Amino acid sequence: MRREKGLVLGVTTVAITLLLAACGSSSSKNAGSADTVSFSTTDVISTMDPALNTDVIGAQALTDTMEGLYRYEGKTIKPAIATKVVKPTNNGLTYTFPLRKDAKWSNGKAVTAEDFVYAWRRVVDPKVGSQYAYIYEGIENAAAITSGKQPVSSLGVVAKDKHTLQVTLEKPIPYFSQLMTSSTFFPVYPDAVKKAGKSYGTNAKTLVFNGPYKLSGWNGPDSAWKEVKNTNYWNAKAVKVKTLKYQVVKDPSTALNLFQSNKLDRTNISGDTAKQMKNDSHYSTQQQAATFYMQVNQAKNPIFKNAKIRQAISMTINRKELVNQVLGDGSAPVASLTPKGMSFDPTTKKDFTSELNAEGKKNTTYNPKEATKLWKEGLAETGQTGKTFNYTLLGDDTDTAKKQAEYLQDTLEKNLPGLKVTLANVPFKTRLTRSDNGDFDMVVSAWNADFPDPITFLDLFVTGGDNNKGKWNNPEFDAQIKASKTENANDEARWQNLIKAQDIMNKESGVIPLYQTGRAYLTNSSVKGLDYGPSGNYNNVSLYLKK
């Protein structure tokens, strides 16, 4: 089951007096020594087991300390433990990866093909309970193994020899190379897993690393941790920064104070803090491969099956005002569920969102007059003219999420006659449970890309999809998604399938996009080479300090 990842809006509480006092200071001095960079992060590492990690915090720590077949450098996939980026054979069904003979674990042992086989089998093994096992679907027997119908040993991955890994697919996977950059496909050192058992990944002592850095002294729920350069890393010469320090900081005013006190080199800020600091020379924003969107419950409220009703809801939202006045964190208005800057046409290299039909995009343009008109037409078509509606908007319970909900409540009630919106802001896990159970009228949801391809967003909303909480369905949308995964999976026509699918969703407002998430940062001017890739992680091999 694909569960929505832990994307929640941050806390916006800030001490204005502290902010104003700090604005006049400078942060050009490096927070650590000349060979250390200090980052803030939003939470603790939940696990360092590649099979069990589901969040961006763990994914970054794994990307720092482990390495798979490929690694992103900018937007380009580069060979990592593999010696080259492999082209499939057998009509797109077979990948044969030659592995580096100089790749070693931090204990000096060689990284072998068997390490990949062992790791991948763990992910699909039902006994391990990986929430990301679904991402292996398409590899031979993966789905059958996770459902308990085939033994783990039947997974289509074999070690042809010590340094040759062969993968067999049941069907072509056009984004297979992108998947190989994901931490879910990283190898593990088998003896370490066997020795630690269920404790594997819970502290640094259970781990052996094959990436640029090693976790040092980490003990599970620590609110701060250190990563030191791994001298056994095959590409250690390219690693310029010897030590990375991470500190959990949840309050933006605290983050600002630590940055201005030269205790952090790069920190995320949000809300009022971000608004106040946006003209500072250290301020920057960064778009994420994630979107927030609204779903309306068509199963509970048949009125939402009417496209004009959904379009009216979408047009009554001023997305620019929402991101600038409510969020203030670098988020940006978005015209589709699929975010900008994530995926590009394999032929033209154009951004996926730039190739979408303007007719569908107009439904996300703020137009209260047209919204009122469509609302009334939709009510007439459904026989609801003159009736009033009291619907509950479900969302998270952070301060920013509450302000966002209040904004949506105000604009919906102001522009859609007869609609009253009641707010239900609840903890993230409660929101997920209520969404799963259909216990909502409208809900604000979010999704972060599993890998940089439109299908990771669009596939959520096929009829019967686990994350299709609003139960929107469109046979032609389903057909386009199916074609992209079957007869056109190994063809350029696949891209057109995905464009058509997104156009259908946009035109019908089947899912109502709100914004693409962004993050506002303060960064020490000496920190260079920040390489944020399409997979949503930093490649810190590229990191360096300007002397």
Side-chain angles (χ1 to χ4, degrees), residues 8-45 56-57 60-61 64 213 215-229 239-286 288 327-331 398-400 518-532 537-538 540 542-547:
V8 293
L9 294 180
V11 179
T12 60
T13 306
V14 61
I16 297 297
T17 53
L18 173 63
L19 173 65
L20 295 176
C23 282
S25 65
S26 174
S27 187
S28 58
K29 181 181 178 182
N30 183 238
S33 62
D35 57 6
T36 301
V37 176
S38 297
F39 299 93
S40 73
T41 187
T42 56
D43 214 330
V44 300
I45 299 173
V56 294
I57 309 299
Q60 183 62 60
D64 287 346
Y213 293 91
L215 268 175
S216 176
W218 172 68
N219 290 298
D222 291 348
S223 59
W225 58 91
K226 181 171 67 174
E227 298 170 4
V228 297
K229 182 175 177 178
V239 180
K240 302 296 191 297
V241 177
K242 291 184 179 180
T243 305
L244 305 180
K245 290 183 177 180
Y246 289 88
Q247 181 174 342
V248 176
V249 183
K250 295 190 177 184
D251 181 70
S253 62
T254 301
L256 177 64
N257 185 35
L258 291 170
F259 181 80
Q260 297 287 0
S261 301
N262 294 313
K263 294 178 180 178
L264 287 173
D265 292 307
R266 182 168 168 85
T267 185
N268 174 225
I269 54 175
S270 60
D272 292 336
T273 310
K275 294 175 191 176
Q276 293 287 342
M277 294 299 291
K278 66 180 181 180
N279 294 320
D280 188 275
S281 62
H282 302 97
Y283 177 91
S284 65
T285 60
Q286 180 175 280
Q288 312 288 302
L327 303 179
D329 60 359
S331 294
T398 65
D399 187 57
T400 303
R519 284 192 172 185
Y521 288 95
L522 295 174
T523 307
N524 191 297
S525 57
S526 66
V527 175
K528 303 296 181 181
L530 287 162
D531 182 4
Y532 183 75
N537 300 310
Y538 289 94
N540 282 323
S542 305
L543 192 68
Y544 68 96
L545 288 165
K546 182 180 179 182
K547 304 296 184 181

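Only a predicted model underlies this, so the values are computations on that prediction, with no experimental measurement involved. Residue indices begin at 1 and follow the sequence shown.
Between T267 and S40, the shortest heavy-atom contact is OG1-OG, 2.7 Å. Between N537 and V56, the closest heavy-atom pair is OD1-O, 4.3 Å. What you find for G529 and Y544 is that their closest heavy atoms are N-CE2, 3.8 Å. When all heavy atoms of L256 and L522 are compared, the pair lying nearest together is CD1-CD1, 3.5 Å. Closest approach of L530 and T523 over heavy atoms only: CD1-CG2, 4.0 Å. In this structure, V249 and A255 approach most closely via the heavy-atom pair CG1-N, 3.5 Å.
No donor-acceptor pair closer than 3.5 Å links the side chain of T41 to the backbone N or O of Q247. With D329 contributing its side chain and G271 its backbone, the two residues share no donor-acceptor pair below 3.5 Å. Under a 3.5 Å cut-off, the side chain of E227 and the backbone N or O of W225 do not form any donor-acceptor pair. In this structure a side-chain-to-backbone donor-acceptor pair under 3.5 Å is present from D222 to N219. Using a distance-only test at 3.5 Å, with no hydrogens or angles considered, a donor-acceptor pair links the side chain of N268 to the main chain of A520.
Here the CG-CG distance, from N524 to L545, works out to 8.0 Å after rounding to the nearest 0.5 Å. With rounding to the nearest 0.5 Å, the separation of CG in D280 from CD in Q260 is 6.5 Å. Atom-to-atom distance recorded for D531:CG and L543:CG is 10.0 Å, nearest 0.5 angstrom. Rounding to the nearest 0.5 Å gives a distance of 11.0 Å between CD1 of I269 and OG of S253. A distance of 11.0 Å separates CD1 in I45 from OG in S223, rounded to the nearest 0.5 Å. The distance from the CZ atom of F39 to the CG atom of D265 is 7.5 Å, given to the nearest 0.5 Å.
At least one side-chain heavy atom of R266 sits less than 4.5 Å from a side-chain heavy atom of Y538. Within the 4.5 Å cutoff, no side-chain heavy atoms of Q60 are placed close to those of L244.
More than 12 heavy atoms of other residues, nucleotides or ligands sit less than 6.0 Å from atom NZ of K275. In this structure, K229 places its NZ atom where more than 12 heavy-atom neighbours from other residues, nucleotides or ligands lie under 6.0 Å away. Heavy-atom neighbours of K528 NZ from other residues, nucleotides or ligands within 6.0 Å: above the threshold of 12.
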Worksheet item: Under the side-chain contact (heavy atoms from CB on, under 4.5 Å) criterion, do V44 and I57 qualify, and how do the steps go?
Response: CA-CA 7 Å; V44 300; I57 309 299; over 6 Å; no

Worksheet item: Could you go step by step and tell me if K245 and L264 meet the side-chain contact (heavy atoms from CB on, under 4.5 Å) rule?
Response: CA-CA 9 Å; K245 290 183 177 180; L264 287 173; over 6 Å; no

